[in-house]
Amino acid sequence: MKIAIGCDPNAQKAKEEIIKFIEAKGLGEVTDFGSEDPIYANVAIKVGEAVAAEEYDRGILICGTGVGVSIAANKVEGAYAALLSDVYSAQRARLSNNANIACMGAFTTGSKERELMVETFLTSEFVPGCSSQSKVDAFVEYDNQR
């Protein structure tokens, strides 16, 4: 699995920890889109574009709360960024919503919780034809008409 990751300067340490975790667990090949730009929207849009273009299978974005990067990434057609707060939201982001980008907060979640969320997000899969299919189809259709 190819994973795009990026963050703002506030989340540099959290991003480095997540990269090490993904590599240690063998969950995928990570490309770092950076963390130097204080305008988190710039890195979020770059990751969103790369994932939406299917150059990467999944994306991970981190800022102080995760809110800003999720809003910015969701402006990209084909990027479906979910703000994760716990393991259950990470699981449902994939299983029920077919999200392709996980967003989280460096200030709102601890490192172990972030690791669990990332592992869950990367190992869970959307099941085509499931009870959530019509809901996912609705937002994808809207996105495609923008």
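Considering every non-hydrogen atom in both Ala73 and Ile101, the closest pair reads CB-CD1, 4.3 Å. Across Met117 and Ser85, no two heavy atoms sit closer than the pair SD-C, 3.6 Å. When all heavy atoms are compared, the tightest approach of Ala52 to Ala79 is CB-N, 3.9 Å. Across all their heavy atoms, Ala106 and Ala11 have their closest contact at CB-CB, 3.8 Å. Between Ala4 and Val51, the shortest heavy-atom contact is CB-CG2, 4.4 Å.
No continuous path of ILVMFWY side-chain contacts below 4.5 Å connects Tyr88 to Leu95, so the two sit in separate hydrophobic clusters. A chain of hydrophobic side-chain contacts below 4.5 Å, direct or via other Ile, Leu, Val, Met, Phe, Trp or Tyr residues, connects Leu122 to Val30. Cluster annotation: Met1 and Ile18 are assigned to the same hydrophobic cluster (Ile/Leu/Val/Met/Phe/Trp/Tyr, side-chain heavy-atom contacts under 4.5 Å, transitive). Met104 and Ile5 end up in the same hydrophobic cluster when Ile, Leu, Val, Met, Phe, Trp and Tyr side chains are linked at under 4.5 Å. Cluster membership for Val67 and Ile62, using ILVMFWY side-chain heavy atoms within less than 4.5 angstrom, is not shared.
For the atom pair Thr108 OG1 and Glu113 CD, the distance stands at 10.0 Å (nearest 0.5 Å). Taken to the nearest 0.5 Å, the NZ atom of Lys2 stands 11.5 Å off from the CD atom of Glu54. The CD atom of Glu36 lies 11.0 Å from the CG atom of Asp8; values are rounded to the nearest 0.5 Å. Distance check, rounded to the nearest 0.5 Å: SG of Cys7 to NZ of Lys13 gives 13.0 Å. For the atom pair Leu61 CG and Leu83 CG, the distance stands at 11.0 Å (nearest 0.5 Å).
A perpendicular orientation is assigned to the rings of Tyr56 and Phe33, their planes being inclined by more than 60° (bins at 30° and 60°).
When each of Asn97, Asn98, Asp143 is paired with Tyr80, the side-chain hydrogen bond (donor to acceptor under 3.5 Å, both in side chains) condition holds for Asp143 and for no other.
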Between Leu84 and Thr120, is the side-chain contact (heavy atoms from CB on, under 4.5 Å) condition met? List the steps. CA-CA 11 Å; Leu84 308 182; Thr120 300; over 6 Å; no
Could you check Asp37 against Val43 for side-chain contact (heavy atoms from CB on, under 4.5 Å), going step by step and ending with a plain yes or no? CA-CA 7 Å; Asp37 193 336; Val43 73; 5.7 Å; no
Tell me, with the steps shown, if Arg58 and Arg94 meet side-chain contact (heavy atoms from CB on, under 4.5 Å). CA-CA 11 Å; Arg58 305 271 168 81; Arg94 288 293 307 139; 2.9 Å; yes
Please assess Lys20 against Glu23 for the test salt bridge (Lys or Arg N to Asp or Glu O under 4.0 Å), listing each intermediate value before the final yes or no. CA-CA 5 Å; Lys20 286 180 187 173; Glu23 291 172 346; over 6 Å; no
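Under a cut-off of 6.0 angstrom, the local environment of CZ in Phe121 is crowded, with over 12 non-hydrogen atoms contributed by other residues, nucleotides or ligands. Enclosure of atom CZ in Phe139 by more than 12 non-hydrogen atoms of other residues, nucleotides or ligands within 6.0 angstrom is indicated.
Listed for the Asn100 side chain is a donor-acceptor partner under 3.5 Å among the backbone atoms of Gly78. A donor-acceptor pair is defined here as one N or O able to donate and one able to accept, closer than 3.5 Å; no such pair exists between the side chain of Asn10 and the backbone of Cys63.
The closest side-chain heavy-atom distance from Ile45 to Lys75 is not below 4.5 Å.
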